[in-house]
Number of protein chains: 2
Amino acid sequence: MASESAESRREPNRFTHRELDIMSVLWRRGSGTVAEVRDVLGEDVGYTTVLKMLQILEGKNAVRHEKEGRAHRYYPLVESADAGGNALKRVMNKIFHGSAELLLATLVENREFSDEEIERMRSILDRAQEKEEDR
Amino acid sequence: MASESAESRREPNRFTHRELDIMSVLWRRGSGTVAEVRDVLGEDVGYTTVLKMLQILEGKNAVRHEKEGRAHRYYPLVESADAGGNALKRVMNKIFHGSAELLLATLVENREFSDEEIERMRSILDRAQEKEEDR
DNA sequence: TCTGTCCTACGAAGATCCTCGTTGACAACC
DNA sequence: GGTTGTCAACGAGGATCTTCGTAGGACAGA
């Protein structure tokens, strides 16, 4: 029974749990040292654990680092929009039968939005529609 | 260094990769036997693997089964909307800084939508806004 | 210099996930 | 009865993910 190789199974920019935790901090802050990332994650994640994850992420070309004093400062290489696009695609296909509408409906059902937020979301749709018409 | 127990770490209705593959089939079809699920997933997943995953999912109360002839027919217990809501929350928080707008923008950027789809998405926002005004 | 602190590096162990081989039950068909 | 096909059960093995212990370098202050 064939099983795909580890490489081909993993689609691009898909992060494991912990990896995503760490990427999330880097996306928010723009960059971070091990200690900074750990501060955000909380004390229940070991220092060396965070370090190791960052090294793993570096091995996957998801982050890079620069020397800063004695420490390393890590920068994300993968854009959050790219990772988000992939994650959304997966959620949309696996859970919402490929329907963006169903996805949106669930999104707005699970949270209250202010008029301003909804207005801005509407204009996002407007822009998408204009782009559509241009073609 | 404390590490949370396996139980508390796992938020509700979060599925692993394979689990989600299988739940996805059940959500689409409404129910399925091992053989049916496997047909959808493709031959490269072993029969006993699918069976095992269904048994694991049953242990997590994500599915239940009924006898059907000699086989078991499995039914989802977790709603796709619930799983989807959780998944979206996670993606929104970890990747899009908690911003639904950013999420929506990425969604519409990654796919072309017809006028009709956009119209329906707009009306989803309308309904959300009405609900907002009622309060 | 000695000690404590902060850092990286590395490897190995533990946890979880996924896979499948094997067994035994049952039924249909020869 | 024997053979074949379909099924659930179970357990073990491998792969992957996550954690941390330990070592060693660099630096600051006593």
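Note that the structure is a prediction, hence the values are computed from the model and not measured. By convention in this document, chain letters (A, B, ...) are assigned in the order of the sequence lines, proteins followed by strands, and residues within each chain are numbered from 1.
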Point to revise | Distance, rounded to the nearest Å, where A/H17 contributes NE2 and C/dT16 contributes C1' | key: 12 Å
Check your understanding: What is the distance, rounded to the nearest whole Å, between atom NZ of A/K52 and atom P of C/dA9?
Key -> 11 Å
Review point. To the nearest Å, how far apart are A/L41 CG and D/dC20 C1'?
Key: 16 Å
**Study point:** Residues that B/E36 engages under side-chain contact (heavy atoms from CB on, under 4.5 Å), provided they are two or more places apart
**Key:** B/R29, B/T33, B/R73
Review point. Looking at C/dT19, D/dC20, D/dA8, which one has an atom nearest to any side-chain atom of B/A71?
Key: D/dA8
Point to revise | A/E119 with A/R122: basic N within carboxylate O range, under 4.0 Å | key: yes
Exercise for review: Specify the separation, in whole Å, of atom CD of B/E43 and atom C1' of C/dT19.
Suggested key: 16 Å
Practice item. Summarise protein proximity over nucleotides 24-30 of chain D in one line of letters, 5' to 3': B for base, S for sugar-phosphate only, - for none, counting protein heavy atoms closer than 4.0 Å. Key: -BBS---
Review point. Distance check: side-chain N/O of A/Y47 vs OP1/OP2 of C/dC6, anything under 4.0 Å?
Key: no
Practice item. Could you pull out all residues at least two apart from B/L51 that satisfy side-chain contact (heavy atoms from CB on, under 4.5 Å)? Key: B/V34, B/Q55, B/Y74
Exercise for review: Would you tell me if any nitrogen or oxygen in the side chain of A/T16 comes within less than 4.0 Å of OP1 or OP2 on D/dC17?
Suggested key: no
Review point. Starting at CG of A/L51 and ending at P of D/dA23, how long is that distance when rounded to a whole Å?
Key: 17 Å
Practice item. Let me know the distance between NE2 of B/H72 and P of D/dT6, rounded to the nearest Å. Key: 17 Å
Review point. If you measure from the Lys or Arg side-chain nitrogens to the Asp or Glu carboxylate oxygens, is any gap between B/K60 and B/E19 under 4.0 Å?
Key: yes
**Study point:** Heavy-atom side-chain proximity of A/V63 to A/V78 below 4.5 angstrom
**Key:** no
Review point. Hey, are B/E66 and B/R64 close enough for a salt bridge, meaning a charged N less than 4.0 Å from a carboxylate O?
Key: yes
Review point. Rounded to the Å, how far apart are B/R18 CZ and D/dA15 P?
Key: 16 Å
Practice item. Ignoring backbone atoms, establish whether A/T48 has a side-chain N or O less than 4.0 Å from OP1 or OP2 of C/dA9. Key: no
**Study point:** Atom-to-atom span, CZ of B/F15 to P of C/dT16 - whole angstrom
**Key:** 18 Å
Check your understanding: Should B/Q55 be listed as having a side-chain N or O under 4.0 Å from OP1 or OP2 of D/dA8?
Key -> no
Review point. Do side-chain atoms of A/T106 reach the backbone of A/L102 as a donor and acceptor pair under 3.5 angstrom?
Key: yes
